[in-house]
Protein chains: 2
Amino acid sequence: MPTLATAVVSADATAVLITVLLSLTVIYLASRLGGEICARFDLPPVLGELLAGSVVGISILHLLVFPEGGATAEDSLIMQAVQPFLHLSPAVWEATFSAQGEVVSVLSELGVIILLFEIGLESNLQELLRVGAQAVVVAVIGVTVPFVAGTLGLIYLFHVPTIAAIFAGAALTATSIGITAKVLAELQQLNSSEGQVILGAAVLDDILGIIILAVVASLVKTGEVEISQVVYLIVGAAVFLVGSVLVGRLLSPWFVGLVSNMKTRGSLLIVSLLLMLVLSVIGAAIQLEAILGAFTAGLILSETNKQQELEEQVIPLADFFVPIFFVCVGAKTDFSVFNPAIPANREGLVLAGFLVVVAIVGKVASGLGVGWGTDKLNRLAVGVGMIPRGEVGLVFAAAGASSGALSEALDAGIVVMVILTTFLAPPMLRFVFPSRSATPVPAPEPNA
Amino acid sequence: MPTLATAVVSADATAVLITVLLSLTVIYLASRLGGEICARFDLPPVLGELLAGSVVGISILHLLVFPEGGATAEDSLIMQAVQPFLHLSPAVWEATFSAQGEVVSVLSELGVIILLFEIGLESNLQELLRVGAQAVVVAVIGVTVPFVAGTLGLIYLFHVPTIAAIFAGAALTATSIGITAKVLAELQQLNSSEGQVILGAAVLDDILGIIILAVVASLVKTGEVEISQVVYLIVGAAVFLVGSVLVGRLLSPWFVGLVSNMKTRGSLLIVSLLLMLVLSVIGAAIQLEAILGAFTAGLILSETNKQQELEEQVIPLADFFVPIFFVCVGAKTDFSVFNPAIPANREGLVLAGFLVVVAIVGKVASGLGVGWGTDKLNRLAVGVGMIPRGEVGLVFAAAGASSGALSEALDAGIVVMVILTTFLAPPMLRFVFPSRSATPVPAPEPNA
């Protein structure tokens, strides 16, 4: 269709490059400032990256704004800053803004993909399988309690229509595996029993979230649930996860042999990333998420004798990409929903109060499903680890807004709930996990 | 301008991510296959990446094609492969192809930026200044001889109009700093005296190339040379390079202190990349190139006591990004200009024969400017190091095609010259530099 291509105004290649480089400059400045400030106050640096992102983003400074939220080049300070030098025509200016946004968004997606790859690489498949049953219990409780309590509460306490209440209840079930895993890694708790239960449950929750979103979306659209789609997603997820791990374990000796025989620089890293890319594409293509594929690839490679060497090389790559993700999550979060001057927000804030309580209590309750019998676990830590909704919650909110099933107030309430659980979870996690980092004076263990 | 934004068809975010991940899969497969095959034949791996890129690109397999060359989604096998799964509307499909192309192009630009940053980091400012005078001689001879010989030859031997001949002569002056530096690094010759002369001369040649392009472009457009623009570029380049290095040296103790006090993971890498980003943006903004800024940033940091630690972290990042650049250069190179069935190509191939000879002889002659007196240098190696035109040559060819000053045949001739010098230089460099890599049987030094 050559006619279509000519109808689209092309972005200016030099301008796209300069604006992307400027966006990265803003992102790294924000990530360092935010991260360092939080580190000084003994808070997880990722919270600082999220907060600094919201400072440079759509809520305050408008340095990092994205066309997907309906913003135009006019709204972006970076676009305004380059225009006097580059003299782009208005249409090219707009197309450049759009292209720059696409590029930064993909870099941010690569950030969460590489984060989950690194987390998989640092995890222990044996340990994950050992705590598998507990992770299932946590995931199921953490999905059921908020969903039922949220939906019923909205219907009976706030007289919200049934379908809208079900949608909001569904939004309460998500867990952001990215934020949870990053905080656990920062607290050096990834390989504790609690950490592995949270991680396993967060992976399952991600899959449950996708299934629930599909169910609710078809309920909103057609009024009934497409059973075939649900079965497809469940079977697909199970076959994908189990199949990848089994095939991966069979092929990993061959993989190690292949890499050992290669002569060019960076072969171990690139061949490993190829596995990550292939599983990410398959994950995304069967309507799961790319990050689940990346996590699985990391898990497979964590079993090989190249794990240590590979991890050393993945760390700088993660240091480059991961801050882009967290700063962008902050930048895309619109804090104007907290503004009580907007009428829909006032009602939304009341609903949000209820949703936040259910969101936190429901996930903390999920921790009660573990650690019975001889297996002593920090139940509160497990529950708190499931709290952040993060980008998964934002997907629900966006789907809700575009479906038309939610009132403006309920949509604002969901967004507030997502923001608060996302931003509150890192300091809460820091609080429930005793510090393992080296401090000048060794702090005594708090009474468990 | 909200009306413009709505007029542009948006790409599908999931589809952009999947197609970018697939493009990266193709790129890494190609880079490993090509690199490994070349390494077995004792050729520089970067030649393999370029060749493998041209196999997967517009010339043969059409897996990796770019909208900038006029291709549509229909021409891309990756876009055709995802369409049955994603069911995008034709307009969204086209917009997704365009967005995916923008993203991969920016990743490839980041590749050459990070490559030059790494090269700067591995270089030695003292040594570069010591050989500075020789580098100036090499650059000036390597620009003058091909320009004069090419222009006069085209006018008197081939009866090409004067302005077109000047343009083609100008295209002969470029040196691709990226390819030259990469091959030198692969041969472990970056820090030899020859390597530093070539590197210094290639940096100067990059700047001379930008000035010459500006001169020739204004000559083609207005018939006269804009002196103010030329003065601006020369003064700008001098102030930028000298100023960055001087200010950088003053600030680097402060930089080391700052990084040492930071508590978050990856601070050294990110703060260093911030310097790279800022200098790249300034370089691009004053109409030089981003890569010159990145090289300068690396050079500044190479003087600090963090050099070693930083280099270890930059290597995996370069391993990730740099192959994207070389595979994309290959993929964007259209080998159909070699097809003698197209009439313009036949005349073009004759012109190309002349241009290639001038291109190679002119640059080899530049090596004669060094190594006189006590300073014994491998003159042939220096001259050969200046041969590849690479992406700089492609910029000239593209500018020539769009200016309308060149006949179709002359344009094809320039493209063939760029392709041949780019692809021939790596094996030639391999040939003139004795191997330093560890081989099972230590080879005796060839007679110098």
Side-chain angles (χ1 to χ4, degrees), chain A residues 1-2 4-5 8-11 13-14 16-18 20-22 24-25 28-29 31-32 35-36 39-40 45 67-68 72-74 85 90-91 94-95 98-99 102-103 105-106 109 262-267 269-271 273-274 277-278 280-281 284-285 290 313-317 319-320 323, chain B residues 1-2 4-5 8-11 13-14 16-18 20-22 24-25 28-29 31-32 35-36 39-40 45 67-68 72-74 85 90-91 94-95 98-99 102-103 105-106 109 262-267 269-271 273-274 277-278 280-281 284-285 290 313-317 319-320 323:
Chain A
M1 359 230 98
L4 273 168
V8 175
V9 179
S10 289
T14 309
V16 173
L17 179 64
I18 291 181
V20 169
L21 294 176
L22 279 173
L24 289 177
T25 308
Y28 290 133
L29 273 176
S31 84
R32 282 312 101 175
E36 286 295 320
R40 309 274 146 160
E68 61 194 50
T72 64
E74 194 90 353
F85 298 94
E94 205 58 60
S98 178
E102 299 273 9
V103 173
S105 289
V106 171
E109 299 255 22
M262 292 178 90
K263 291 175 191 291
T264 49
R265 203 186 95 170
S267 288
L269 181 66
I270 293 300
V271 177
L273 290 178
L274 272 170
L277 288 167
V278 169
S280 297
V281 168
Q313 297 182 24
V314 170
I315 285 175
L317 212 54
D319 288 341
F320 179 92
Chain B
M1 358 230 96
L4 272 167
V8 176
V9 179
S10 289
T14 309
V16 173
L17 180 64
I18 292 181
V20 169
L21 294 176
L22 279 172
L24 288 177
T25 308
Y28 289 133
L29 273 176
S31 84
R32 282 311 102 173
E36 286 294 320
R40 309 276 145 159
E68 62 194 48
T72 64
E74 194 90 354
F85 299 94
E94 204 59 61
S98 177
E102 299 273 9
V103 173
S105 289
V106 171
E109 299 255 23
M262 292 178 89
K263 291 173 189 293
T264 48
R265 202 185 95 171
S267 289
L269 181 66
I270 293 300
V271 177
L273 290 178
L274 271 170
L277 288 166
V278 169
S280 298
V281 168
Q313 299 182 24
V314 170
I315 285 174
L317 212 56
D319 288 341
F320 179 92

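Labels below follow one simple rule: chain letters A, B, ... track the order of the sequence lines, proteins then strands, and each chain is numbered from 1. Below, all heavy atoms of this structure are taken into account, side chains as well, without hydrogens, waters or symmetry copies.
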Report task. Search all heavy atoms of B:Arg32 against all heavy atoms of A:Gly266 and return the closest pair with its distance. Result -> NH1-C, 3.8 Å
Report task. Check B:Leu274 against A:Thr25 and note the closest heavy-atom contact, atom names and distance. Result -> CD2-O, 3.5 Å
Query - For the student: nearest non-hydrogen atoms of A:Leu317 and B:Leu317, plus distance - result: CD1-CD1, 3.6 Å
Report summary line: Taking every heavy atom of A:Ile315 against every heavy atom of B:Arg265, the minimum-distance pair comes out as O-NH2, 3.5 Å
Requested in this report: Answer with side chain, backbone, both or neither: which region of A:Phe85 has an atom nearer than 4.5 Å to a non-hydrogen atom of chain B?
Outcome: neither
Report summary line: When the 4.5 angstrom heavy-atom criterion is applied to A:Leu22 and chain B, the contacting part is both
Report summary line: Residues at least two apart in sequence or cross-chain that pass side chain to side chain donor-acceptor pair (under 3.5 Å) with B:Thr14, listed by chain then number, are none
Query raised in the report: Roughly how far, to the nearest 0.5 Å, is CG of A:Leu269 from CZ of B:Phe320?
Result: 8.5 Å
Report task. Heavy atoms only: give me the nearest A:Ile18-B:Ala285 pair and the separation to one decimal. Result -> CD1-N, 4.2 Å
Query raised in the report: Got a sec, which residues hit side chain to side chain donor-acceptor pair (under 3.5 Å) with B:Glu36, two or more places apart in sequence or on another chain?
Result: A:Thr264, B:Arg40
Report task. Determine the option with the most heavy-atom pairs under 4.5 angstrom with chain B, choosing from A:Val278, A:Leu17, A:Leu277. Result -> A:Leu277
Report task. Please flag which part of B:Ala73 lies under 4.5 Å from any non-hydrogen atom of chain A: side chain, backbone, both or neither. Result -> neither
